[in-house]
Amino acid sequence: MLDFSKIEEKWQSRWFTEEVHIAKLGPQKKYFIHFAYPGISGYLHVGHMRGFTYADIIARFKKMSGYNVCFPAGFHASGLPAISLAKRVARKNKQTIGYLKENGCPPEIIPTLSNTNAVIDYFSQVYVEDYWKKFGFLIDYSRLMTTISPGYQKFIEWQFKKLNEKKLLIQKPHFAPFCPNCGPVAVDKSETDISQGGNAEVLEFTLIKFRMDDLVLPAATLRPETVFGVTNIWINPTVEYTKIRVNGEKWIVSKDAVKKLSAQIENIQITNETIPGNKLIGKKCTVPLLDREVPLLPATFTDPKIATGIVMSVPAHAPYDYVALKESKENIQPRAIIDIKGYTIPAEGICKKMGIKSQKDTEKLDKATEEIYKKEFHQGVLNKKCGKYAGIKVSEIKDRVKNNLLDTNKGGIMMEFSEQVQCRCGETVIIKKIPDQWFIKYSDKDLTLKSKHHVSTMNIYPQEYKEELQKVLDWFDDRACIRKGSWLGTGFPFKKSWIIEPISDSTLYPAYYTLSQYVNQKKIKADEMTPEFFDFVFLGKGTPKKQIWNEIKKSYDYWYPVDINLGGKEHKTVHFPVFIMNHVALLPPQKWPRGIFVNWWITQTSGIKISKSKGGAEPIPGAVHRYGVDPLRLYYAHVCSAHVDIEWEEKTLEQYKRKIIKIWRFVHNLLEIKGTAESIDEWLSVSINAEINYINKELENYHLREAATHIYFEINKILQWYIRRGGKNHDLLRSIITTWLRTMAPFTPHIAEEIWEKMGNTGFVSTETYPRYNPALSNQKVLTKENLLIQVIDDISEILEVTKIKPSRIYLHTSPPWKWTMATMACDLKEKGKLTISNLLNTFFARPDLKQHAQEASRFAQKMYRIMQNPTAMEVYQQEINEKSYLQETKGFIKNMVNAPQIDIYNAGDDKAPDPGNKKKVAEPLRPAIYLE
RNA sequence: GCGGGGGUACCCGAGCGGUCAAAGGGGCAGGGCUUAGGACCCUGUGGCGUAGGCCUUCGAGGGUUCAAAUCCCUUCCCCCGCACCA
């Protein structure tokens, strides 16, 4: 029986003790592959293994194809995840402890994980020992590194100094999510730092200052251009408003807004004066730019938690305002200021159309708002009520009105989330303005252009991403690259106590793998890794201070650049772009990355990405135990294309496990066969050789799935057919299986090794060369003949099924010679690009001996012409094969397959051949006439 | 808004101009094996057909082509990313 874990342990231990995985400099072509290193945030799950497995399969294939492969890995320890895990352990958070236990964390380890460094040490060891090694990955473990090691930090410092020298570090104001308790937080879908609001977007509200005596009502809007259509201001009568002083002005805003504005505007003074909303109602204020007076009216939809809590009302264009105005019963007419087709007063129109009656009907109102907004944005033009802006398209006006308001101190800016965001500590997350934030200037024109051009020369999988990536580079803007707070990472060299953020310290890192093993072996110490050292190693500047510098430089020169960087689709818009741009910015062109491979995700049955917070994550050791590593590897490689999401389903995994077992048994059965040569042998060799050709081509293009289909399914089928056809050549089978195992080795290495050894081979199949196409073995005729046989059996079977005849005798008439002649002539003409029906007939009749077939020739020429339009037809018809003799040879087999006692085979060109069914005339090349009786 | 992807038989998923009624799995049906069940192995799985064929299908509607699931246009629907999350 096949014991997966036993052979896994056996071969893994042998590979690693014999150091199959270690990358050493050599004379061969090098191949450098790595995957986007995982962040240290806890246990990984089966979803992560998908990409890692692809990397290992590719690395193994390249190794077997004669490349000297370097496949390093590391850990991204920067940022918050490790800290937050440690904090949760320290707090004895129940969920966290439970999660650790469930994943098999030893009880004595758990308390130690309240320390961040312990988290990093523990999990990096788990990743290596429990995941990567258990999957048999031939990662060069002597190069492991983490982003918070002293050597790496030296490397990052050097990188930022270089960026600064290149004028790619700039300073400007920035708005960032911020928790008053915890400092900067990340707002993202996976909700790492927050407990609510992962879908929030950052919106830019324009504050429009409506004046009321000496007071300012800063109404917040996303559509400043509609200021011309304001008819009133909405105040929530149930809300207590607060007065604040802003640059000598007195503003009225909601209480919630005070905190937010203080984080964004300097010099805000909070007064103790409050004013209830209902006291404001009925007063009047002035619309800026127009100097019209409008009243303050009550509206319950005005939410004090959103922006300033003061809303300007544009009933002609905002459905909410329109409905609220109707409900207020005020005698105020909407002022339509934007013309669009189909509406005179858009908000009124859509409310009537959708039957909206109340401002509480928020679902419909949201829909109406969206529809009107889209229409107005795309088709709308400001009308004459807008003074000097009349005639301008809405899509162009927004910023102009906003800037005009700002320039004349009639407005301001407020950044706000589209929904409430809650920090994990319980506090509401706000947006803070950092006046002098440091950025990496990814908007740099020259850098963008060079990067885009380089991308166009790269190997990118999937192909579509190549174009997408160039577009991403176009809109990729400057990135805030440092933060203040308790984060793991490298200190920023130009601003004390600020730390480089986790994306920015993970861009050039594969270069560090070319020297990490020297650090690990203590051949160089972190404090020796000065800027001069990196200048020398990476840029060839200066002179080496020590011999080891030369050695390290040699390693870098040999292995770099990256041939493939492999990562999940989540990296498409951030990691991969910065990975490329930093290389382009800092290194010479010959060191720029050559390839990117993007893999999609494993999702839960519902289509949700598997994640720790959303659940559904199957722990890796459990899956290894249940299904076995080789089945898992084959599953990843074969279940679907690498560039599409797939749901994790137990049944599917079981299926792959069975598939491996079947192959295991099948191979063993084949090896038991002790016969000698048969005529079908040649077909087997030729077919396998054709498969090898195909598999190599697919693998060279990183089509792992397609290659796996042929290795595990097509070759299997071919061998099955061989056996059915009576093949039993022991020596040939052994040699074919040897080849087959080598094709499997990158995908399912353990089982391949195990059989390899059982067959008495020495060494590792993993270090053998990958099977290569042998042109001498290519023989289309052999394949065509066998296909003829299959076709004949298929046809007979179909006839039997349709007619329900139990045949006592079958007549086969193979194609008359003249039809073959015409077929080969057609191929000839096709090859010369001269194939037309008339050319074909002319060529044909040029031969006097063929004139006798004039009557049928024209019809057959038409048919042949049609067949030849198929590009694969040429190789099939190019060489005439002796159909009759092949069928004669295989007659016994056909009889068996179709269950017929007697088969008589003739050539249709033979006038004396009996033709009881009058079928002879339909015989064509590779389609013999068939008659049953 | 910007950018990307996708809609394929009962289901999951390949295919991305000719070998396509469409790989591979699952499910279902029949047969073999077995004391029985499971596992395993065959066969079938759009419709019609007493001759290897014909007809209809790859979201919908048009078009290009000798030939389209595959290319183009229009249209409907779904999914994803948009930045301090790696």
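So you know, we letter chains A, B, ... as the sequences are listed, proteins then strands, and number each from 1. FYI, side chains are in, hydrogens and waters are out, and symmetry mates aren't considered; it's all heavy atoms of this structure.
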Using a cut-off of 4.0 Å on non-hydrogen atoms, how would the nucleic acid contact of [X] be classed: base, sugar-phosphate, or nothing?
X         : answer
Asp794(A) : nothing
Glu201(A) : nothing
Leu932(A) : base
Tyr931(A) : base
Glu933(A) : nothing
Ala176(A) : nothing
Arg866(A) : nothing
Pro807(A) : nothing
Lys466(A) : nothing
Val472(A) : nothing
Phe476(A) : base

Open item on the list: Checking contacts here: which listed nucleotide (C2(B), G5(B), G52(B)) is nearest the side-chain heavy atoms of Trp475(A)?
Closed with: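 My answer, after comparing the listed nucleotides, is C2(B).
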Task: Which nucleotide in A86(B), G52(B), U50(B) has an atom nearest any side-chain atom of Lys919(A) - done: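 Among A86(B), G52(B), U50(B), the one nearest the side chain of Lys919(A) is G52(B).
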Open item on the list: If you assign each of Cys640(A) and Gly79(A) to its closest nucleotide in RNA chain B, which residue comes earlier from the 5' end?
Closed with: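 Going by which nucleotide is closer to the 5' end, it is Cys640(A).
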Task: Upstream residue (5' side of RNA chain B) when Ile805(A) and Arg724(A) are each assigned their closest nucleotide - done: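 In this pair, the answer is Arg724(A).
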Spacing of the [atom1] atoms in [M] and [N] (rounded, Å):
N      : M      : atom1 : value
U65(B) : C72(B) : P     : 16 Å
U8(B)  : U70(B) : P     : 13 Å
G18(B) : G47(B) : C1'   : 25 Å
G15(B) : G32(B) : P     : 38 Å
G5(B)  : A14(B) : P     : 16 Å
G38(B) : G44(B) : C1'   : 23 Å
G26(B) : C79(B) : C1'   : 24 Å

Open item on the list: Could you go through His638(A) and Tyr656(A), starting from their C-alpha distance and side-chain angles, then the distance that decides it, and tell me whether this counts as side chain to side chain donor-acceptor pair (under 3.5 Å)?
Closed with: CA-CA 9 Å; His638(A) 183 261; Tyr656(A) 279 96; 2.7 Å; yes
Taking only N and O in the side chain of [X], is any of them less than 4.0 Å away from OP1 or OP2 of [N]?
X         : N      : value
Gln862(A) : C66(B) : no
Lys471(A) : G4(B)  : yes
Arg223(A) : G1(B)  : no

Task: Contact check, side chains of His76(A) and Pro38(A), non-hydrogen atoms, under 4.5 Å - done: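 Not touching, per the 4.5 Å side-chain cut-off.
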- [ ] State, with a plain yes or no, whether a side-chain heavy atom of Val792(A) is found less than 4.5 Å away from one of Pro928(A).
- [x]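 A side-chain contact under 4.5 Å exists here.
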Task: Audit row: Tyr694(A), Glu706(A), side chain to side chain donor-acceptor pair (under 3.5 Å) steps and yes/no - done: CA-CA 9 Å; Tyr694(A) 185 79; Glu706(A) 188 61 15; 2.7 Å; yes
Open item on the list: With a 3.5 Å cut-off and heavy atoms only, can you find an N or O donor on one side and an acceptor on the other between the side chain of Asp795(A) and the base of G52(B)?
Closed with: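 Yes.
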- [ ] Please name all residues satisfying salt bridge (charged side-chain N to carboxylate O under 4.0 Å, His left out) with Glu691(A), sequence neighbours left out, ordered by chain then number.
- [x]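 By the salt bridge (charged side-chain N to carboxylate O under 4.0 Å, His left out) rule, Glu691(A) matches no residue at all.
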- [ ] Summarise protein proximity over nucleotides 26-33 of chain B in one line of letters, 5' to 3': B for base, S for sugar-phosphate only, - for none, counting protein heavy atoms closer than 4.0 Å.
- [x] S-------
Open item on the list: Please check this pair: side chain of Asp915(A) against backbone of Lys919(A), looking for a donor-acceptor N/O pair closer than 3.5 Å.
Closed with: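 Checking the backbone N and O of Lys919(A) against the side chain of Asp915(A), a donor-acceptor pair under 3.5 Å is found.
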Open item on the list: If we count only N and O atoms by modelled type, under 3.5 Å, do the side chains of Asp478(A) and Ser443(A) hold a donor and an acceptor together?
Closed with: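 Ser443(A) and Asp478(A) do have a side-chain donor-acceptor pair below 3.5 Å.
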Task: Counterpart residues, side-chain hydrogen bond (donor to acceptor under 3.5 Å, both in side chains), relative to Gln862(A) (two or more places apart) - done: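 Checked Gln862(A) against side-chain hydrogen bond (donor to acceptor under 3.5 Å, both in side chains); zero matches.
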TODO: Measure the acute angle between the ring planes of Phe579(A) and Phe576(A), then classify it against the limits of 30° and 60° as parallel, tilted or perpendicular.
DONE: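 Perpendicular, since the angle between the ring planes exceeds 60°.
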Open item on the list: My understanding is that a pair needs two contacts under 3.5 Å, Watson-Crick or G-U wobble. By that rule, which nucleotide pairs with U35(B)?
Closed with: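 Looking at the geometry, U35(B) pairs with no nucleotide.
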